[in-house]
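Letters A, B, ... mirror the listed sequences (proteins, then strands); counts begin at 1. Because the structure is predicted, anything quoted here is derived from the model rather than measured.
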Amino acid sequence: MRGFFSALLDPSLPFLRNALYAGILSSILFGVVGAVVTVKRIAGLAGSISHAVLGGIGLALFLSAHRIVPDVPPLAGALVFAILSAFIIGLVSLKAKQRVDTAINAIWAIGMSLGILFLAKTPGYTDLMSYLFGNILFISSQNLILLAILDVVVLFLAYRFYPQLEASAFDEEFAKVRGVPTEGLFLAILILTAMAVVLLQTFIGLVMVIAMLTLPPGTASHLARNLASLMVWGVVFSFLFSFGGLALSWIFDLPTGAVVVVLAGAVYLVAAGLKAIRPGGLVRR
Amino acid sequence: MVQREAQRDIVVRFEGVAFSYGDIPVLENVHFHIHRGEFIALVGPNGAGKSTVLKLILGLEKPNQGGIQILGKGPEEARERIGYIPQHADHDPSFPISVREVVRMGRLRGFQRFRPEDEEAVDRALAQVEVEDLAFRPFSALSGGQRRRVLVARALAAEPEILVMDEPTTNMDAESESRLYKTLGKLKGSTTILIVTHDTEFVSALTDRVLCVGKRAKDGKAHALVQHRTMRIAESPPELYGGQVAKVLHEEALPEDSCCIEVSSNVGGKL
């Protein structure tokens, strides 16, 4: 562990400090967006969006490599695909009366497949695994700035529209009767989640983003008394998992994203097990 | 018979309303109106379209034909002045929220944030329904009957002109039901109350008029709506409507404007 802390301070290892900053900044998104995803029960939709993002990354790399649109960053393609798939999934969920799960899975599969196809036709070596499972070497200062901006936006929106968020998640019909435009709010939540997924994937990878949007709030739910405390505890747990995962992956030379998710999953299972033993929950109510 | 005071304030008016879910007709040619301060029971068998009538009043569904006016406006404009208690069979027990926070939702107005006076209204609503002692408990830790009373407090927190309840006593224990009708008894006259129940035979004795969904319209598919009078039952079991029960006289259908006409001799109990 001492080796990890001295590595963090080592000037020749800036990427490790970037990874730590990314972990801290990501924790806010994991905790706050994750709490909303959990209480709105849209983890499936968020999972579909996060996987479809690969299509955008593949397209951006393809266009750039073939000089069709030179120097288009993968992040831009990812954002376009994320917002587009959030919009389609949102509209299908709101308007379709049946087979919503089929449409959601179709977006998931088509997005990923398009990504693989574009990458297959992109000359040069592309490290697919880095996009799918994250790579802390890829975290740039630009990533950190964008994460910080999205953190501020998400915190502001969660504070300003907290009563509407809480009501629409608890009882959508009632919120609508009280004048909350619940459908617009739902689409906004999905689009914001999609943007968060894109920025979080550098730290944790596309495949595992959804795990970090659900496991920390899942663990936090044993301690939380309301949505706000679910968000706060979600941020705390996300930070502990990110920091712990980063340290363990450094010490044992393992992929960071996978270690973070295994740590989050293990704590979640232990908490769920404890709750099963003590049916009243971890907190006396 | 004489005409009652010229224009008693009408707060809900349905004129020739028809509604269908896709190709499935539900309501046809529905006419009725409700005066300010009335206590109305909307009865009918399961699937007859009672909840649909409520959704139309709240502007959650739009009629295919006909017009609806609530407090002189369209339903969507007026719905913030309505207190709504949904049937709520699908409560999520894992949602972390306290009773007070649930009741505070009743004070929500569009994108506005809560103000100090909202907290005072929440206190009043909790007291009205006698759930002050539950205020800081998790909503999921309550019994079904307590939860239902909290939802009544949430609706009352808005200090509504019209209170709309969808089968509020489903799965409710006798004590909670009795307390609920005690609260409604206090509200009667000052707040217009529309209560939906699938018990087509008996209603609370607080009821002024019964609207019954279930009569087939001419084409035999959608349902129309008729009015019935009620007859107070002297000795009622205490577990039903707090012991104050009236029988619905289904064999007799009243004309739509019967509530606007004074009956010279009181036949068959209070209307």
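- When the heavy atoms of residues 206-217 of chain A are compared with those of chain B, none of the residues falls under 4.5 Å.
- A cation-pi arrangement is not found for A:R178 relative to B:Y84, the charged atom failing to lie both closer than 6.0 Å to the ring centre and inside a 45° cone about the ring normal.
- With a 4.5 Å cut-off on side-chain heavy atoms, A:I49 and A:T193 do not count as touching.
- Ionic pairing of B:E167 and B:R148 is not present here: no N-O contact between side-chain nitrogen and carboxylate oxygen is shorter than 4.0 angstrom.
- No side-chain donor from either of A:N105 and A:T102 sits under 3.5 Å from a side-chain acceptor of the other.
- Annotation: maximal heavy-atom pairing with chain A below 4.5 Å, among B:A158, B:A155, B:G106, occurs at B:G106.
- Using a 4.5 Å cut-off between heavy atoms, A:A169 touches chain B through backbone and side chain atoms alike.
- No donor-acceptor distance shorter than 3.5 angstrom exists from the side chain of B:S176 to the backbone of B:D173, with no hydrogens or angles considered.
- Between B:R179 and B:E175, at least one side-chain nitrogen of the basic residue sits less than 4.0 Å from a carboxylate oxygen of the acidic one, meeting the salt-bridge criterion.
- Residues B:L56 and B:F14 have side chains in contact (heavy-atom distance under 4.5 Å, counting atoms from C-beta outward).
- A donor-acceptor distance shorter than 3.5 angstrom exists from the side chain of B:E38 to the backbone of B:H35, with no hydrogens or angles considered.
- Listed by first and then second residue, the ring pair (Phe, Tyr, Trp, His ring centres under 6.0 Å) pairs that reach into residues 98-121 of chain B are A:F161-B:F111, sequence neighbours excluded.
- Contacts from residues 64-71 of chain B to chain A, taken as heavy-atom pairs separated by less than 4.5 Å, involve no residues at all.
- Each of B:R109, B:R104, B:R100 was compared with B:D118 under the salt bridge (charged side-chain N to carboxylate O under 4.0 Å, His left out) criterion, and only B:R109 meets it.
- A:F170 and B:F139 have perpendicular rings, their planes meeting at more than 60° on a 0 to 90° scale where under 30° would count as parallel.
- Residues from residues 72-83 of chain B that place a non-hydrogen atom less than 4.5 Å from a non-hydrogen atom of chain A comprise B:R79, B:E80, B:I82, given in numerical order.
- The two atoms that bring B:P86 and A:D171 nearest to each other are CG-OD2, 3.8 Å, heavy atoms only.
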Note to self: Apply side chain to side chain donor-acceptor pair (under 3.5 Å) to residues B:R149 and B:Q146 and explain how you reach the verdict.
What the structure shows: CA-CA 5 Å; B:R149 276 161 54 212; B:Q146 288 172 325; over 6 Å; no

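- In this structure a side-chain-to-backbone donor-acceptor pair under 3.5 Å is missing from A:R160 to A:L155.
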